[in-house]
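Here's the structure, in structure tokens; my notes come after.
Here, residue 1 is the first one in the sequence, and each next residue gets the next number. Values below: all heavy atoms of this structure, side chains included; hydrogens, waters and symmetry mates excluded.
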Amino acid sequence: LHDQRENERFWNNEYSDVRDSTGGPSLFDSSYTLQLYRNDLRIRTMALNATLDWQISSLYGIKTGLSYQDITYAQDQLLQYTFDRLTNTLQYPDTTITHDIENILDAGFNNLLNTQSWKSTGYVENLLQLSDHLLLNIGGRFDYFDVNKALTLSPRVQLAYQAGEGLTLRGAWGYYFQSPNYRQIA
């Protein structure tokens, strides 16, 4: 069981005041801006894993494994601006008061995320000792992630050559797929 929590906070406060009282009516323009940002993320993962290795002979072995993950995502975001302005100018001799609160994330963004998904994976590797110094590993992996309902297959090949005491040269090829991240699930 894995429980990951991330919390971000940001706060910005600005104030400006402009006044002019030189011989005429008192003119002023005062503004106060407050910016708040909050991002609370929690990812809980429960995983079950099983592996099985067979050494068929001294030159051939098979490794297998299965995994199941249950993943829960919970995120709460806020990006809010508060703007207050007091104004008295020649154009508007009466004092004008403006108060505005705007949550940027509400404008088409989903700022609450609560979802659950699961993922299953499996792999098999065939280990074949070609000579005293050469090992061939051929395998594959499958992943199924219920969010995008896609089954992916990832083949892999590795060749290892033991060139000397403590020195092994390896060459590998594989095809890899990445599961969607939690924001792509929403």
Side-chain angles (χ1 to χ4, degrees), residues 1-22 24-51 65-123 140-156 172 174-186:
L1 185 62
H2 179 73
D3 195 353
Q4 173 185 345
R5 294 174 190 244
E6 296 177 11
N7 299 302
E8 295 177 277
R9 300 286 187 270
F10 174 77
W11 178 79
N12 186 25
N13 189 4
E14 294 179 13
Y15 177 76
S16 73
D17 191 16
V18 178
R19 296 186 180 273
D20 182 11
S21 58
T22 57
S26 178
L27 305 176
F28 58 88
D29 185 358
S30 299
S31 66
Y32 171 77
T33 304
L34 175 65
Q35 178 185 3
L36 299 172
Y37 173 73
R38 177 189 74 225
N39 183 15
D40 296 323
L41 172 64
R42 182 177 186 186
I43 302 173
R44 289 181 308 205
T45 305
M46 187 217 29
L48 300 171
N49 299 307
T51 60
L66 294 172
S67 174
Y68 172 82
Q69 294 180 341
D70 185 67
I71 308 164
T72 303
Y73 304 92
Q75 184 175 34
D76 183 12
Q77 287 183 309
L78 171 73
L79 178 55
Q80 178 177 302
Y81 287 97
T82 303
F83 181 74
D84 290 316
R85 184 173 190 178
L86 261 50
T87 305
N88 180 351
T89 64
L90 288 175
Q91 202 172 13
Y92 303 102
D94 294 333
T95 300
T96 303
I97 300 173
T98 305
H99 178 73
D100 188 26
I101 297 176
E102 181 179 0
N103 186 352
I104 303 299
L105 293 177
D106 285 341
F109 293 100
N110 181 7
N111 56 339
L112 291 175
L113 170 69
N114 287 304
T115 190
Q116 187 171 5
S117 64
W118 59 271
K119 177 181 179 179
S120 60
T121 61
Y123 71 91
R141 172 187 173 102
F142 78 86
D143 292 280
Y144 183 82
F145 202 27
D146 83 314
V147 171
N148 55 354
K149 309 288 188 237
L151 177 66
T152 58
L153 300 173
S154 304
R156 295 171 182 164
Y175 200 74
Y176 175 75
F177 291 94
Q178 175 113 10
S179 301
N181 68 34
Y182 74 97
R183 287 306 289 172
Q184 294 169 319
I185 296 171

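The main-chain N or O of Trp118 is found under 3.5 Å from a side-chain atom of Asp146 such that the two form a donor-acceptor pair.
Side chains of Gln116 and Asp70: a donor on one and an acceptor on the other come within 3.5 Å. Checking Gln75 against Asp40 by side-chain atom types alone, no donor-acceptor pair falls below 3.5 Å.
For the pair Ser154 and Tyr175, the tightest heavy-atom approach, listed with the atom from each and the gap, is CB-O, 2.9 Å. Residues Gly122 and Leu66 share a closest heavy-atom pair of CA-CD2, 4.0 Å. Residues Gln69 and Ala47 approach most closely at CG-CB, 4.0 Å, considering heavy atoms.
Separation of atoms CZ (Arg38) and CD (Glu8) is listed at 12.0 Å; rounding is to 0.5 Å. Put simply, CZ on Arg9 and CG on Asn7 are 5.5 Å apart, with the number rounded to the nearest 0.5 Å. Here Tyr68 contributes atom OH and Thr121 contributes atom OG1; the two are 12.0 Å apart, rounded to the nearest 0.5 Å. With rounding to the nearest 0.5 Å, the separation of CZ in Arg44 from OG1 in Thr72 is 5.0 Å.
Every residue was checked against the ring pair (Phe, Tyr, Trp, His ring centres under 6.0 Å) condition with Phe142, not counting sequence neighbours, and none meets it.
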### Test side-chain contact (heavy atoms from CB on, under 4.5 Å) applied to Tyr123 and Thr51, step by step
CA-CA 9 Å; Tyr123 71 91; Thr51 60; 3.7 Å; yes
#### Entry: Pair Leu41-Ile43, side-chain contact (heavy atoms from CB on, under 4.5 Å): steps then yes or no
CA-CA 7 Å; Leu41 172 64; Ile43 302 173; 4.1 Å; yes
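Under the 4.5 Å side-chain criterion, counting only non-hydrogen atoms from C-beta, Asp143 is not in contact with Leu151. Under the 4.5 Å side-chain criterion, counting only non-hydrogen atoms from C-beta, Gln4 is not in contact with Arg42. Tyr73 is listed as a side-chain neighbour of Ser117, based on a closest heavy-atom distance under 4.5 Å.
The 12-atom threshold is exceeded at CZ of Phe177, counting heavy atoms of other residues, nucleotides or ligands nearer than 6.0 Å.
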